[in-house]
Amino acid sequence: MNFERLYDVLKATYGNLGKWWPGDKEEILITAVLTQSTNWKNVEYAMENIYKLTNKERLLDFLYKLPKDELANLIKPAGFFNIKAQRLKNLLEFFKKYNFDLDTISREENLRDKLLKIKGIGKETADSILLYVFEKPVFVVDAYTKRILNRIYNLKLEDYDEIQELFYKYYPKDVQLYQEFHGLIVEHAKRYCRKKPLCDSCFFHKCAYFTSPFLTY
DNA sequence: ATCCCGAAAT
DNA sequence: ATTTCTGGAT
């Protein structure tokens, strides 16, 4: 199967995921950190704890003012809570400089580089924020993306930027497309393309469009 | 390569 | 009981 058809096949399989990342912009900002190497259910538990003490309108300002150890206690179910509490503090400190005005931040030059300077915000988290919060046409690369490229196309790429360029080369820079594409990749990886792959029931295993000679699963 | 961490998924 | 989770820093 041609790489440029991957999106259509995934979409035909899993349907319309739309924006896929749940929550409003302020919420996505927080969950982008909480979900680092953590399953989504535990992120929901952490957000539930937070919303016992505040509401969506005051979310960012509330977390900014909350002492770090209290924040760590709230987000405990999300794991890595001490590190993530510090990372959220670092992130919120950056946003505080703009009075949490997302529209102003969105207009900043070299926003990706500015996000990457925040300790605890790596390429994947930065790009997730750019794509789902600021709605920039940035493709998010994650471990699932690497796994799927490896298993379906035998592309053993490790470099983040190189993988990102691959998607930019074959797909138009479109926010809706990238938002849904990343979601489709995650959903497919969670359901079938796991570390221990479920190839027997995987769609790609007997996909009529699949013609790669490098099928490894 | 290892640490950070709890909890779901298997 | 063990593995894995919408990573990043050291």
Side-chain angles (χ1 to χ4, degrees), chain A residues 6-7 10-11 14 17-25 27-50 68-94 112-136 138-151 157-161 163-164 167 175 177-202 217:
Chain A
L6 179 60
Y7 170 79
L10 285 173
K11 191 180 176 75
Y14 298 107
L17 300 186
K19 177 171 71 73
W20 176 68
W21 198 306
D24 57 25
K25 296 175 185 298
E27 208 168 340
I28 294 173
L29 195 59
I30 304 305
T31 55
V33 171
L34 292 180
T35 196
Q36 288 173 350
S37 198
T38 299
N39 74 34
W40 188 257
K41 193 65 188 173
N42 288 340
V43 175
E44 290 182 332
Y45 292 151
M47 291 307 291
E48 284 175 18
N49 287 341
I50 291 172
K68 189 178 75 177
D69 56 326
E70 292 183 34
L71 175 57
N73 194 48
L74 281 182
I75 65 174
K76 213 168 224 176
F80 305 142
F81 49 87
N82 284 317
I83 284 182
K84 284 177 180 175
Q86 183 60 59
R87 290 179 181 177
L88 285 173
K89 284 296 178 187
N90 298 340
L91 182 63
L92 288 164
E93 186 141 354
F94 174 81
R112 188 176 194 258
D113 293 331
K114 291 184 168 70
L115 291 173
L116 287 174
K117 283 176 184 165
I118 303 169
K119 184 162 291 187
I121 306 300
K123 289 177 179 176
E124 182 181 340
T125 305
D127 287 342
S128 295
I129 292 171
L130 289 170
L131 178 60
Y132 292 100
V133 175
F134 295 113
E135 300 179 340
K136 311 278 188 188
V138 174
F139 193 86
V140 176
V141 177
D142 63 353
Y144 293 150
T145 311
K146 295 179 184 177
R147 186 188 299 166
I148 285 174
L149 286 179
N150 180 20
R151 294 206 178 132
L157 303 179
E158 283 301 326
D159 183 70
Y160 189 100
D161 299 320
I163 296 171
Q164 198 173 43
F167 283 86
V175 174
L177 171 67
Y178 289 174
Q179 284 184 344
E180 187 164 31
F181 203 168
H182 175 60
L184 287 166
I185 288 172
V186 173
E187 293 305 322
H188 178 63
K190 283 166 70 174
R191 285 187 173 84
Y192 299 104
C193 206
R194 309 176 179 177
K195 276 197 173 178
K196 292 184 68 174
L198 301 178
C199 301
D200 296 337
S201 44
C202 177
Y217 79 112

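Being a predicted model, the structure only gives us computed values, none of them experimental. A note on names: the letters A, B, ... follow the listed sequences, proteins ahead of strands, and every chain is numbered from 1.
- Within the 3.5 Å criterion, the main-chain N or O of A:Q36 finds a donor-acceptor partner in the side chain of A:K84.
- Separating the NZ atom of A:K19 from the C1' atom of C:dT6 is a distance of 14 Å, rounded to the nearest angstrom.
- Taking OH of A:Y14 as the start and CD of A:E180 as the end, the distance is 13.5 Å to the nearest 0.5 Å.
- Remark: C1' of C:dG7 and CG of A:L91 are 14 Å apart, rounded to the nearest angstrom.
- Just one of A:N73, A:I75, A:L74 meets the side chain to side chain contact (heavy atoms under 4.5 Å, CB included) condition when paired with A:N49; it is A:L74.
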Counting primed atoms, P, OP1 and OP2 as sugar-phosphate and everything else as base, the B/S/- map of nucleotides 2-10 of chain B against protein heavy atoms under 4.0 Å is --BBBBS-S
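- The distance from atom CE of A:M47 to atom C1' of C:dT6 is 15 Å, rounded to the nearest whole Å.
- At whole-Å resolution of the value, CG in A:D142 and C1' in C:dG7 are 10 Å apart.
- For the pair A:N90 and A:K119, the tightest heavy-atom approach, listed with the atom from each and the gap, is ND2-O, 2.9 Å.
- Separating the NZ atom of A:K123 from the C1' atom of C:dA9 is a distance of 14 Å, rounded to the nearest angstrom.
- OP1 or OP2 of C:dG8 sits under 4.0 Å from a side-chain N or O of A:T125.
- Residue A:I129 comes nearest to A:A32 through the heavy atom pair CG1-CB, 3.9 Å, listed as atom of the first residue, atom of the second, then distance.
- Of the side-chain N and O atoms in A:R147, one or more sit less than 4.0 angstrom from OP1 or OP2 of C:dC5.
- Each of A:P22 and A:I118 lies near DNA chain C, and the nucleotide nearest A:P22 is the one positioned closer to the 5' end.
- Counting any heavy atom pair closer than 4.0 Å across all strands shown, A:I185 reaches no nucleic acid atom.
- Checking A:Q86 against A:N82 by side-chain atom types alone, no donor-acceptor pair falls below 3.5 Å.
- The nearest whole Å value for the distance from the NE2 atom in A:H182 to the C1' atom in C:dG7 is 12 Å.
- C:dC5 atom C1' lies 16 Å from atom NZ of A:K196, rounded to whole Å.
- Checked options A:H182, A:Q164, A:K136; the residue passing with A:D127 is A:Q164 (criterion: side-chain hydrogen bond (donor to acceptor under 3.5 Å, both in side chains)).
- A stacked arrangement is not assigned to A:Y144 and the six-membered base ring of C:dT6, the conditions of a centre distance below 5.5 Å and an interplanar angle below 30° not being jointly met.
- In this structure, CD1 of A:I129 is placed 13 Å from C1' of C:dT6, rounded to the nearest angstrom.
- When the C1' atom is used for both B:dT2 and C:dT6, the distance is 22 Å, rounded to whole Å.
- The shortest distance between the side-chain N/O atoms of A:Y160 and the OP1/OP2 oxygens of C:dG7 is not below 4.0 Å.
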